[in-house]
Amino acid sequence: MATMSTGVSATLHFFLDTVSDSSLKSLIRYIDLMAMEITQVLLNAQAVDGTIRKHAEESLKQFQDQNLPGFLLALSGELANNDKPVESRKLAGLVLKNTLDAKEQHRKFELVQRWLSLDSAVKAQIKGSLLQTLTSPVHDARSTASQVIAKVAGIELPHNQWPELVGSLLSNIHQVPAHVKQATLETLGYLCEEVSPDVVVQDQVNKILTAVVQGMSSSEENADVRLAATRALYNALGFAQVNFSNDMERDYIMRVVCEATLSPDVRIRQAAFECLVSISSTYYEKLSPYISDIFTITAKAVREDEEPVALQAIEFWSTVCDEEIDILEEYGGDFSGDSEIPCFYFIKQALPALVPMLLETLLKQEEDQDLDEGAWNLAMAGGTCLGLVARTVGDEIVPLVMPFIEENITKPDWRQREGATYAFGSILEGPSVDKLATIVNVALNFMLTALTTDPNNQVKDTTAWTLGRIFEFLHGPNVETPVITDANCQQILMVLLQSMKDVPNVAEKACGALYFLAQGYEDVGSTSPLSPFIQDIVQALLTVTHREDAGDSRLRTAAYEALNEVVRCSTEETAPIVMRLVPVIMMELNQTLESQKLSSEEREKQNELQGLLCGCLQVIIQKLGGLKSTKDVLMQYADQMMSLFLRVFACRSATVHEEAMLAIGALAYATGPDFSKYMKEFYPYLEMGLQNFEEYQVCAITVGVVGDLCRALEDKILPYCDGIMTHLLKDLSSNQLHRSVKPPIFSCLGDIALAIGENFEKYLTYAMPMLQSAAELSVHASGAEDEMSEYTNQLRNGILEAYSSIFQGFKNSPKTQLLMPYAPHILQFLDSLYLEKDMDEVVTKTAVGLLGDLADTLGSNAGLLISQAVASKDFLNECLSSDDYLTRESADWAQLAISRAITG
């Protein structure tokens, strides 16, 4: 057994002498004993031998469960002890960090509360050990301690605890040892990542930024210190709003960052460009004075520097594109109205020099670059940026790129042909159809020929991708000058089907191109240009799914996605061909369920295939179930399909559960009330889905399927409503459930109310207070950040839909009076939403619809209430003059219902 070092013993016993609480003294004596073993346990937890490792992990868990304060003190003592092995110290820090934070929100909340409830003396000892570790000569220990300190700060600073932390860290900056400065700067960076800017006072922000920028700019510092400072600045930029509003301070920061991009250390150059990328998104409106110098710096990096640095230099311009695209899409060219940030057209100004620089990168491909899924290199980054530039400036990019394409498209060097093709594909989104149509019509035959005859795999890969882009952006019912015509459709299809026999990466892109080709023929009516070829297309895609190498390059997935789209765009005349798919897909799904004794890798592949097959059946059910000519034939397979879906639930894969649930929802919609015969067997799986907090996507989809069942079964859902409502209300009141599931749950309450009508009476006393509480919270959440604002609108819409459906369910019932007590609060909620002025269009339409439903259901009883509502008249008038047709339509109906209610 490893013995506890003199240093840690001395620290503990000094602490022991300073406290009087006998229980705390007992705790520290206990730690003294445990520290003798903790080192070996931590080392064993990293052992190669699985048995030793498992036993050590169990010992750690037991220690944590039996004595959490002792466990945390032992870990922090291990981390701080320079005499202990690096491996045990690193793991001690990692375990300590994991006791403070978790990915799941509910678990994170529990850990935060647990830390806050610890004895303050214990927390002080742990924090002291962490700060002490920053002076350790061992880099891994310092780095781990930095992360743990930031996690503790993320918990304590918002609660006004550990106020001396920032000061303690800043005092370290003035210490001589470089490794202490490096660790302290790293800690400040992590702290800025963990803590919200509004938690740190401006004076401390100023001091942090001063320390960080000095660490970057001082020529006396070693490279590790400058790197830590540069990375810290990246995380601290969100705190620098005030500083970036000050010209002198901003100039200083920008100068230091730009100088760091010229550092002899490649790590510092890369980190400095990462700072520029962050600045371009966070402080776009402040870039004007620096944009010319930044172009010079980035152009030099792209052309001359190492790839990690060059990639970040390109990313700067991609980010500027993103900012300008967002501004232009949201506000158009009118910046005198709602726009907070004007568009400075940096991309348009840089265009003559930026485009040639990006085109150069397209010729720096690597061999087989696309075969490695997820690969990223200079050519890919340049092409991606070129595409964003095209979206930003539109038609203006075309004359700058076309000479490059024409010069390189037929060259003997594959890099030039591939680069030219990539450039062409990259600029297809953004410019107008009129600008591109003539060029694309000329290029189409060339592309089709290249796809089948070019000797280079990467050229064919990029050609197939470019054809997919042509079909995505220049094909479909809304395109006035169609590129795809009856004359060339057959040739295109034959080339794509032939290319599906090529190597996996080319075949995958060909499937993608077919997907977009088919998508352009959705809603074409009773006949489609694809109809004569549907049989061949379906057969070719099924053949692809059976290829031995279909698991490579996402090929099997792409084939099923294309098959699904072909089914969606099929017509009444090709429905028999689609119907013949049903037994084929069912047989393949059954075969996957028969497989026994699979390895974990084989099981994962099998689950993926089951998900694809369930997804395919879902699309087929939706298509054929909506056609009169095929619905009855489809229903003959309903029993077998339901049996297969229920067997799929025996698998433990979340992805498969999602797809099977969606397929069952489609089947319920197609079968209608007859689906009731499956409910007894299906209900336990429905309950499992509603309780699946960890895989919250499964829970969300299950909630959606409950809605499908309500629409299909109507009052036949009644026998299962007690259980469903219990689970839904539990979900709403739980902190463990991901917040994104809650808006659809509210909508689902409305689906149930519509299905069972006045029978919803028994749930009113539970559901309405829940809706009322959520409504109040959603009003208080106004004015939040964009992401939170989007969620708040989703939440409001779910609440409003639930209220609307409940009122509609009670319409014409003698029990409508049961809803009267809730009407004043609902009207108050609608008033509050209107007065806040931050509803999106969807919420506005639902809100005015609810106003009408309330009047329609309660009649004259509601007339007086509505006429007295503070803002209802103004809200209604605003909706009646809305630019949105659906909102005006809802407002017209609401006005009629209110008039009837008021006149009695």
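All figures in this text were calculated on a predicted structure; none of them were measured in a lab.
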Salt bridge (Lys or Arg N to Asp or Glu O under 4.0 Å) evaluation trace for Asp856 with Arg900: CA-CA 8 Å; Asp856 192 46; Arg900 285 199 301 258; 3.2 Å; yes
Closest heavy-atom contact between Val433 and Phe473? CG2-O, 4.3 Å
Residues, nucleotides or ligands: over 12 heavy atoms within 6.0 Å of Glu681 CD: no
Are any non-hydrogen side-chain atoms of Ile621 and Gln618 less than 4.5 angstrom apart? no
Side-chain (Thr630) to main-chain (Ala575) donor-acceptor, under 3.5 angstrom: no
Tyr669 OH: over 12 foreign heavy atoms closer than 6.0 Å: no
Looking only at atom types and distance, does a side-chain atom of Ser773 sit under 3.5 Å from a main-chain N or O of Met770, one as donor and one as acceptor? no
I'd like to know if Asp840 pairs up with Arg796 as an ion pair, taking the criterion as any Lys NZ or Arg NE/NH1/NH2 lying under 4.0 Å from an Asp or Glu carboxylate oxygen. no
Examine distances only and state if a side-chain atom of Tyr791 and a backbone atom of Arg739 form a donor-acceptor pair shorter than 3.5 Å. yes
Counting only heavy atoms not in Glu694, do more than 12 fall under 6.0 Å of its CD? no
Which heavy atom in Thr857 sits nearest to a heavy atom in Gln808, and how many Å separate them? OG1-N, 4.1 Å
Quick one: pull up CG in Leu729 and CD1 in Ile724 and give me the separation to the nearest 0.5 Å. 11.5 Å
Find the distance between OH (Tyr637) and CG (Leu617) and round it off to the nearest 0.5 Å. 11.5 Å
Minimum heavy-atom separation for Val656 to Asn607, with atom names? CG2-O, 3.0 Å
Is a donor on one side and an acceptor on the other found under 3.5 Å between the side chain of Lys108 and the backbone of Ala102? no
Under the 3.5 angstrom rule, does the side chain of Lys631 hit a backbone N or O of Ala670 as a donor-acceptor pair? yes
Please lay out, stage by stage, how Asp632 and Gln636 fare under the test side chain to side chain donor-acceptor pair (under 3.5 Å). CA-CA 7 Å; Asp632 290 343; Gln636 294 173 15; over 6 Å; no
Quick check: does any side chain N or O of His475 sit under 3.5 Å from a backbone N or O of Leu517, one acting as donor and the other as acceptor? yes
Given Ile826 and Phe807, is the side-chain contact (heavy atoms from CB on, under 4.5 Å) satisfied, shown in steps? CA-CA 11 Å; Ile826 292 170; Phe807 275 86; 3.4 Å; yes
Is the count of non-hydrogen atoms from other residues, nucleotides or ligands lying under 6.0 Å from Lys730 atom NZ greater than 12? no
Does the side chain of Leu886 come within less than 4.5 Å of Glu889's, by heavy atoms? yes
Closest non-hydrogen atom pair between Phe829 and Ala775, with its separation: CE1-O, 3.5 Å
Let me confirm one number: the CG-CD1 distance from Asn759 to Ile752, rounded to the nearest 0.5 Å. 12.5 Å
Give me the atom names and distance for the closest heavy-atom approach of Leu737 to Cys699. CD1-SG, 3.9 Å
Hey, can you tell me if Tyr720 and Tyr683 have their rings parallel, tilted or perpendicular (30° and 60° cut-offs)? tilted
Between CE of Met839 and NZ of Lys845, what distance do you get to the nearest 0.5 Å? 13.0 Å
Can you list every side-chain hydrogen bond (donor to acceptor under 3.5 Å, both in side chains) pair that touches residues 816-827, not counting sequence neighbours? none
Value for CD (Gln895) from CG (Leu880), rounded to nearest 0.5 Å, stands at 5.0 Å
Any donor-acceptor pair under 3.5 Å from Lys623 side chain to Arg568 backbone: yes
Looking only at the side chains, is there a donor atom on one of Thr846 and Glu801 sitting less than 3.5 Å from an acceptor on the other? no
Quick check: does any side chain N or O of Asn877 sit under 3.5 Å from a backbone N or O of Lys873, one acting as donor and the other as acceptor? yes
Hey, are the side chains of Pro743 and Asn797 touching, using non-hydrogen atoms and a 4.5 Å cut-off? no
Under the 3.5 angstrom rule, does the side chain of Ser890 hit a backbone N or O of Thr887 as a donor-acceptor pair? no
Are the side chains of Phe649 and Leu646 in contact, using a 4.5 Å heavy-atom criterion? yes
With no hydrogens and no angle check, is any side-chain donor or acceptor of Tyr763 less than 3.5 Å from a backbone partner on Thr726? no
In terms of the angle between their ring planes, are His738 and Tyr696 parallel, tilted or perpendicular, with boundaries placed at 30° and 60°? parallel
